[in-house]
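In what follows, chains are A, B, ... by sequence order, proteins preceding strands, each numbered from 1.
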Protein chains: 2
Amino acid sequence: MEPHEPDLTDVPVTTVLAALADDVRLQIVRALVENGEAACGSFDFGVSKATRSHHLKVLREAGLTRTRAAGTSRLVRLRRDELDRLYPGLLDAVLSTRTSA
Amino acid sequence: MEPHEPDLTDVPVTTVLAALADDVRLQIVRALVENGEAACGSFDFGVSKATRSHHLKVLREAGLTRTRAAGTSRLVRLRRDELDRLYPGLLDAVLSTRTSA
DNA sequence: GGCGTTGTTCGAGAGTTGTCGAACAAGGGT
DNA sequence: ACCCTTGTTCGACAACTCTCGAACAACGCC
């Protein structure tokens, strides 16, 4: 099946914001910023793999990530360039949050 | 009752993002940016006044707006200075969205 | 081929959210 | 005092979301 990775300009801003408005997904995004491309399995934040897969789908369909197959794994990376071009400052603002709060 | 307007630093970033991740609330924020302080009743975006009151409550409890009584009306204003200080670029990025998409 | 690893998909359940009408509260004007 | 305007609050209902285990698919390896 097609990964269904929409052009970011086709995604309503509310969808982008909603995708970022979740703790697990925010941890995924943070990990992607720090480590770059990573396999789905590396995002073990206390949720099952079904839930993890769901969150990655939400991020992907919001236009925030790209996924490519690599053997039995799937590598995910942040579409940071496009994100920064369309919403300059958004990602930095979101990521500026300290661990708590 | 107390307006319950938390300090923005006490609000999780996911709550702030969730507050902005709604079309009606985004229209309210846009109107506040353009017109400054405004009465609740001025935000007629095709929803009932009960719904409007609900959305204003979400924005207020996310630390995004302040409300003060003025006669029978209540005037709402955006806490833009605090928002820009804590999340620089966030509001501009969100508001940069054109009408569609 | 068979097995293990890695992810996705499919219900299903609990919880949250957006919406409304109706009832209520507070103020101002006449 | 009465009424009208302005908002809030209270159920209620539909829709969506997060979560999980179980079943399935795809790939590499022995």
Using whole Å, report how far [atom1] of [X] lies from [atom2] of [N].
X	N	atom1	atom2	answer
B:Glu61	D:dT9	CD	P	9 Å
A:Leu17	C:dT17	CG	P	16 Å
A:Arg68	C:dG7	CZ	P	13 Å
B:Phe43	D:dG7	CZ	C1'	13 Å
A:Asp44	D:dC20	CG	P	10 Å

The single option from A:Asp22, A:Thr97, A:Leu26 passing side-chain contact (heavy atoms from CB on, under 4.5 Å) against B:Thr14: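 Going through A:Asp22, A:Thr97, A:Leu26 one by one, the side-chain contact (heavy atoms from CB on, under 4.5 Å) with B:Thr14 is satisfied by A:Leu26 alone.
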
Using side-chain contact (heavy atoms from CB on, under 4.5 Å) as the criterion, point out the one residue from A:Leu59, A:Leu83, A:Val94 that pairs with A:Val29. A:Leu59

Short side-chain N/O contact from B:Arg25 to OP1 or OP2 of C:dG18, under 4.0 Å: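 Affirmative; the distance criterion is met.
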
So, is B:Thr51 near the phosphate of C:dC20, with a side-chain N or O under 4.0 Å from OP1 or OP2?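 So the side chain of B:Thr51 is within the cut-off, an N or O lying under 4.0 Å from OP1 or OP2 of C:dC20.
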
With respect to the side chain of [X], which nucleotide from [options] is positioned closest?
X	options	value
A:Ser53	D:dG21, C:dC20, C:dG7	C:dG7
B:Arg60	C:dC20, C:dT8, D:dT8	D:dT8
A:His55	D:dC18, D:dG7, D:dC20	D:dC18
A:His54	D:dT19, D:dC20, D:dG7	D:dT19
A:Ala50	D:dG21, D:dT8, C:dT8	D:dG21
A:Val47	C:dT19, D:dC20, D:dC18	D:dC20
A:Ser48	C:dT9, D:dC18, D:dG21	D:dG21

For B:Leu78 and B:Leu64, which heavy atoms make the closest approach, and how far apart are they?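 Answer, listing the atom of B:Leu78 first, then B:Leu64: CD1-O, 3.4 Å.
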
Listed pairs, N/O of protein and of nucleotides 24-30 of chain C, under 3.5 Å:
none

When you measure from the side chain of A:Arg66 to the backbone N and O of A:Arg77, does any donor-acceptor pair fall under 3.5 Å? no

Tell me whether B:Arg79 contacts the main-chain N or O of B:Asp7 through its side chain, where contact means a donor paired with an acceptor under 3.5 Å.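 Looks like no, no N/O pair under 3.5 Å.
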
Which is true for [X] with a 4.0 Å heavy-atom rule: it touches a base, it touches only sugar-phosphate, or it touches nothing?
X	result
A:Ser73	sugar-phosphate
B:Ala69	nothing
B:Ala18	nothing

Which residue pairs pass the salt bridge (Lys or Arg N to Asp or Glu O under 4.0 Å) test with at least one member in residues 38-51 of chain B, sequence neighbours excluded? none

Can you sort out the partners of B:Thr72 under side-chain hydrogen bond (donor to acceptor under 3.5 Å, both in side chains), two or more places apart, ordered by chain and number? none

